[in-house]
Amino acid sequence: MAKGKYEKWLEPESLLLLEGWARGGLTDEQIAHNMGVSRSTLNDWKTKYPDISDTLKKGKEVVNIEVENALLKRALGYEYTEITRERIIDSGQKKRHGGESGLTEREWEMAKVYFDGKCCYCGNTTTLTKDHLQPLNNNGTMTVDNIVPACQKCNSSKKDEHWLNWYQKQDFYSAERAKKISEYIAFACGMKTIAGDGDLVVTKTVTKHVQGDTTAQIFWLKNRMPDKYRDKHDIGVEGTLNTNNPFEGLTTEELRKLIDSG
């Protein structure tokens with residue numbers, strides 16, 4: 001084993017990959033194979049390096065909770081907001097920030113709407129500030145693909161760290177929100193390549209309701225309260241059961257006459 005081989009698995013991107021494997025249901029043996037090490041080596045690293053151990057544990061716990069929450073949500077029904085966005089051309093002069101094109105007000109409003117008016121890290125709904133995903137002192141820019149809404153507490157705590165490296169250390173870390181931030185970056189980068197230099201703004205929001213699913217309800221109840229909702233119930237019967245067939249030996253004609261006679 002090459003010296004320091006474990007170090008690459010302590011990097012933020014590698015830890016995110018490990019969490020994804022664990023969330024996908026892979027065993028430790030399969031994860032070790034993907035890492036290019038033996039199962040015993042992975043066990044040693046889990047003992048020596050808490051980041052690896054905690055990441056694998058988090059991935060396995062998250063998937064169980066996510067499946068349970070999804071089933072409950074499907075059983076009870078839920079509401080969601082359908083958002084329509086349209087591109088509007090901004091003919092005004094963009095602000096300047098460090099010599100680079102700055103963030104327009106429409107782009108900032110779009111970023112806040114994308115994260116439902118909440119801090120993209122902790123989900124807090126207090127006053128939102130502009131946070132640089134890539135710090136300014138590390139070539140970060142004041143552009144739509146590098147600015148996200150964050151509460152003052154998260155913004156101050158993060159300081160000059162790369163967003164993912166800082167975020168995974170927090171108690172309120174959410175793999176779902178981390179994924180949404182990554183999706184936003186891709187979305188914002190795509191915006192910059194579209195001709196017309198327009199800004200996406202929300203033009204319509206519609207709240208829709210999805211009815212509860214009876215199959216999911218039945219599955220939930222049977223597994224949560226099996227004594228009450230299981231398919232079969234044991235019934236005690238006392239006495240002797242007569243298994244003799246009283247019609248055995250009768251012809252079809254005789255059976256028909258018997259039926260007709262009541």
Side-chain angles (χ1 to χ4, degrees), residues 16 19-20 23-24 62-92 94-95 101-133 142-155 163-164 167 170 172-221 224:
L16 196 61
E19 184 176 333
R23 190 185 305 115
V62 165
V63 68
N64 291 337
I65 294 172
E66 287 179 346
V67 170
E68 183 175 322
N69 289 342
L71 177 61
L72 179 59
K73 181 179 179 180
R74 190 74 184 94
L76 298 178
Y78 58 94
E79 289 186 347
Y80 70 95
T81 302
E82 185 177 83
I83 300 176
T84 301
R85 297 180 176 89
E86 295 181 7
R87 185 166 296 280
I88 297 178
I89 302 301
D90 181 10
S91 58
K94 284 192 172 185
K95 296 179 181 179
S101 294
L103 188 76
T104 68
E105 285 304 313
R106 284 198 182 102
E107 287 171 342
W108 173 234
E109 290 303 317
M110 179 206 69
K112 290 190 288 185
V113 170
Y114 191 95
F115 291 99
D116 303 318
K118 301 176 183 178
C119 172
C120 67
Y121 301 118
C122 68
N124 203 319
T125 56
T126 57
T127 302
L128 297 176
T129 61
K130 299 179 179 72
D131 182 60
H132 296 77
L133 293 170
M142 187 72 168
T143 51
V144 63
D145 57 328
N146 195 49
I147 297 295
V148 290
C151 67
Q152 185 62 56
K153 185 176 180 181
C154 285
N155 201 336
W163 75 272
L164 186 56
Y167 192 29
Q170 309 310 307
F172 51 82
Y173 170 78
S174 165
E176 183 177 357
R177 283 199 288 265
K179 180 182 178 183
K180 188 166 185 175
I181 295 172
S182 297
E183 290 173 344
Y184 172 76
I185 296 171
F187 165 74
C189 287
M191 278 181 54
K192 295 171 67 177
T193 64
I194 297 177
D197 194 31
D199 302 312
L200 284 178
V201 296
V202 175
T203 57
K204 182 174 66 174
T205 59
V206 179
T207 299
K208 296 187 176 182
H209 180 74
V210 177
Q211 295 291 336
D213 183 84
T214 55
T215 301
Q217 293 166 3
I218 292 170
F219 184 83
W220 180 274
L221 293 173
R224 285 304 183 100

Side chain to side chain contact (heavy atoms under 4.5 Å, CB included) between E82 and T207, worked out: CA-CA 6 Å; E82 185 177 83; T207 299; over 6 Å; no

From CA spacing to verdict: side chain to side chain contact (heavy atoms under 4.5 Å, CB included), L128, F115: CA-CA 11 Å; L128 297 176; F115 291 99; over 6 Å; no

Residue pair F172, Y121: steps toward the ring pair (Phe, Tyr, Trp, His ring centres under 6.0 Å) verdict: CA-CA 8 Å; F172 51 82; Y121 301 118; 7.9 Å; no

Derivation and outcome, salt bridge (Lys or Arg N to Asp or Glu O under 4.0 Å), residues E109 and K112: CA-CA 5 Å; E109 290 303 317; K112 290 190 288 185; 3.1 Å; yes

Verdict with reasoning, K208 to Y78, per side chain to side chain contact (heavy atoms under 4.5 Å, CB included): CA-CA 8 Å; K208 296 187 176 182; Y78 58 94; over 6 Å; no

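Formation of a donor-acceptor pair under 3.5 Å by the T81 side chain with backbone atoms of V206 is not found in this model. The main-chain N or O of S174 is found under 3.5 Å from a side-chain atom of Y167 such that the two form a donor-acceptor pair. For N155 (side chain) and K130 (main-chain N/O), a donor-acceptor pair under 3.5 Å exists by modelled atom type. In this structure a side-chain-to-backbone donor-acceptor pair under 3.5 Å is missing from D116 to K118.
The shortest non-hydrogen separation linking L133 to I181 is CD2-CG2, 3.9 Å.
The CD atom of E105 sits 12.5 Å away from atom CE of M110, with the distance rounded to the nearest 0.5 Å. Here R177 contributes atom CZ and C122 contributes atom SG; the two are 6.5 Å apart, rounded to the nearest 0.5 Å. Distance OG1/T127 to NZ/K153: 15.0 Å, rounded to 0.5 Å. Atoms SG and OH, from C189 and Y184 in turn, are 9.5 Å apart once rounded to the nearest 0.5 Å. To the nearest 0.5 Å, atom CG of residue D131 and atom SG of residue C119 are 8.0 Å apart. N124 contributes atom CG, which lies 11.5 Å from atom CD of Q152 (distance to the nearest 0.5 angstrom).
Put simply, the side chain of I147 reaches to within 4.5 Å of the side chain of H132, judged on heavy atoms. Taking the side chain as every heavy atom from C-beta outward, R74 and V210 approach each other to under 4.5 Å. At a threshold of 4.5 Å between non-hydrogen side-chain atoms, the residues N146 and W163 do not count as touching.
Between F187 and Y114, the angle of the ring planes stays under 30°, which puts this pair in the parallel group of the 30/60° scheme.
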